[in-house]
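This chain uses plain numbering: 1 for the first residue, then up along the sequence. Both ligands and their constituent atoms are indexed starting at 1 by order of listing.
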Amino acid sequence: KDEPTFYELVGGEPTFRKLVARFYEGVADDTLLRPLYPEEDLGPATERLTLFLMQYWGGPNTYSATRGHPRLRMRHAPFRVGPEERDAWLRHMRDAVDSLDLPADQERTLWEYLERAAYFMVNTMDGP
Ligand code: HEM
């Protein structure tokens, strides 16, 4: 039998649903990040990030089936992502990752990816 994917190891879909729901609870109250989201309802954005992360870690490919190739830097180009936005994003994500109570090695794997991805998404160095 094949090795389990990281997606399976951390608990599959419920784990990613919990992670991203918790993350967006933080974004909803964030005066820097909330205005970046074009939609009144954060539900669709929650769904897109959940499906993306599930796919990235070896789960179902529903993200690409519905949204196409991720091209995440291009998709973030319309939004101002400077160092402050990146750090705010990571603060909410840190809180969300902590809420999962994963084993230390899984926690580190997930966090190192999220931190790297957030640094990669920065598209301006101008101050706020
Ligand atoms: C979409 C902000 C980092 C994954 C979005 C949207 C905003 C946003 C405003 C549009 C809402 C939507 O249509 O879903 C930010 C900010 C970041 C950041 C301020 C700070 C660094 C990241 C990172 C990832 C990510 C690190 C992946 C690990 C996504 C995905 C979408 C998205 C998958 C939906 C793309 C689509 O299918 O249209 N982000 N983002 N974002 N973001 Fe981010």
Side-chain angles (χ1 to χ4, degrees):
K1 193 190 176 297
D2 289 348
E3 293 289 308
T5 60
F6 185 78
Y7 169 81
E8 289 169 323
L9 283 175
V10 298
E13 179 162 352
T15 299
F16 289 92
R17 294 231 167 258
K18 185 177 172 193
L19 174 74
V20 179
R22 175 72 175 242
F23 169 75
Y24 272 109
E25 281 173 26
V27 170
D29 293 330
D30 189 309
T31 54
L32 181 65
L33 294 186
R34 184 62 186 86
L36 294 179
Y37 289 82
E39 291 170 302
E40 178 89 45
D41 179 6
L42 287 174
T46 302
E47 189 66 11
R48 288 190 279 269
L49 182 56
T50 302
L51 292 177
F52 171 79
L53 291 173
M54 286 167 53
Q55 171 173 306
Y56 179 85
W57 290 108
N61 298 331
T62 316
Y63 176 83
S64 283
T66 52
R67 302 293 292 164
H69 189 288
R71 294 199 181 89
L72 286 188
R73 265 188 65 88
M74 188 195 79
R75 291 192 200 262
H76 287 75
F79 313 114
R80 185 202 146 75
V81 184
E84 292 81 9
E85 287 81 2
R86 172 200 67 206
D87 290 348
W89 193 99
L90 282 170
R91 212 162 42 243
H92 299 303
M93 200 48 100
R94 179 73 252 177
D95 174 64
V97 169
D98 286 345
S99 79
L100 297 177
D101 283 317
L102 294 173
D105 59 327
Q106 295 175 10
E107 184 273 325
R108 196 175 329 105
T109 299
L110 181 58
W111 180 249
E112 283 176 0
Y113 162 75
L114 291 166
E115 202 171 38
R116 206 169 353 98
Y119 272 73
F120 175 69
M121 225 57 84
V122 170
N123 55 26
T124 176
M125 286 296 164
D126 298 346

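- When heavy-atom distances to ligand 1 are checked against a 4.0 Å cut-off, F120 has no atom that comes that close, whether in backbone or side chain.
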Listed pairs under 3.5 Å, donor-acceptor, residues 105-118 side chains, sequence neighbours left out:
from: E107; atom 1: OE2; to: R94; atom 2: NH1; distance (Å): 3.2
from: E107; atom 1: OE2; to: R94; atom 2: NH2; distance (Å): 2.6
from: T109; atom 1: OG1; to: D105; atom 2: O; distance (Å): 3.0

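- From the protein, the heavy atom lying nearest to atom 11 (C) of ligand 1 is Y37 CD2, 3.6 Å.
- If you check each of R86, R75, E47, R80 against atom 35 (C) of ligand 1, the one with the closest non-hydrogen atom is R75.
- Nearest-heavy-atom check against atom 4 (C) of ligand 1 across L42, L53, L49, D87 picks out L49.
- Atoms of ligand 1 lying under 4.0 Å from any heavy atom of A117, numbered from 1 in the order shown and given with element: 26 (C), 28 (C).
- As for H76, its N/O/S atom nearest atom 43 (Fe) of ligand 1 is the one called NE2.
- With hydrogens and angles left out, the side-chain atoms of Q55 and S64 include a donor and acceptor closer than 3.5 Å.
- Note that R67 lies outside the cation-pi zone of F52, set by a 6.0 Å cut-off to the ring centre and a 45° limit from the axis.
- Figure legend: R86 and Y119 shown as a cation-pi pair, the cationic atom lying under 6.0 angstrom from the six-membered ring centre and within 45 degrees of its axis.
- Short contacts between ligand 1 and L36, defined as distances under 4.0 Å to a heavy atom of the residue, involve ligand atoms 9 (C), 19 (C).
- The shortest N/O to N/O separation between R67 and ligand 1 falls below 3.5 Å.
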Derivation of the ring pair (Phe, Tyr, Trp, His ring centres under 6.0 Å) call for Y7 and F16: CA-CA 9 Å; Y7 169 81; F16 289 92; 5.7 Å; yes
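- Using a 4.0 Å cutoff on heavy atoms, Y119 does not count as a contact of ligand 1.
- For ligand 1, the polar-atom distance check against Y63 finds a nitrogen or oxygen pair separated by under 3.5 Å.
- The heavy-atom pair separating Y37 from V27 by the smallest distance is CE1-CG1, 3.7 Å.
- At a cut-off of 3.5 Å, with distance as the only test, a side-chain donor of D30 or H92 sits close to an acceptor on the other residue.
- Of the listed options L72, V81, V122, L33, L72 places a heavy atom closest to atom 27 (C) of ligand 1.
- At a 3.5 angstrom cut-off on N or O pairs, R48 counts as close to ligand 1.
- To the nearest 0.5 Å, atom CZ of residue R17 and atom CG of residue L19 are 11.5 Å apart.
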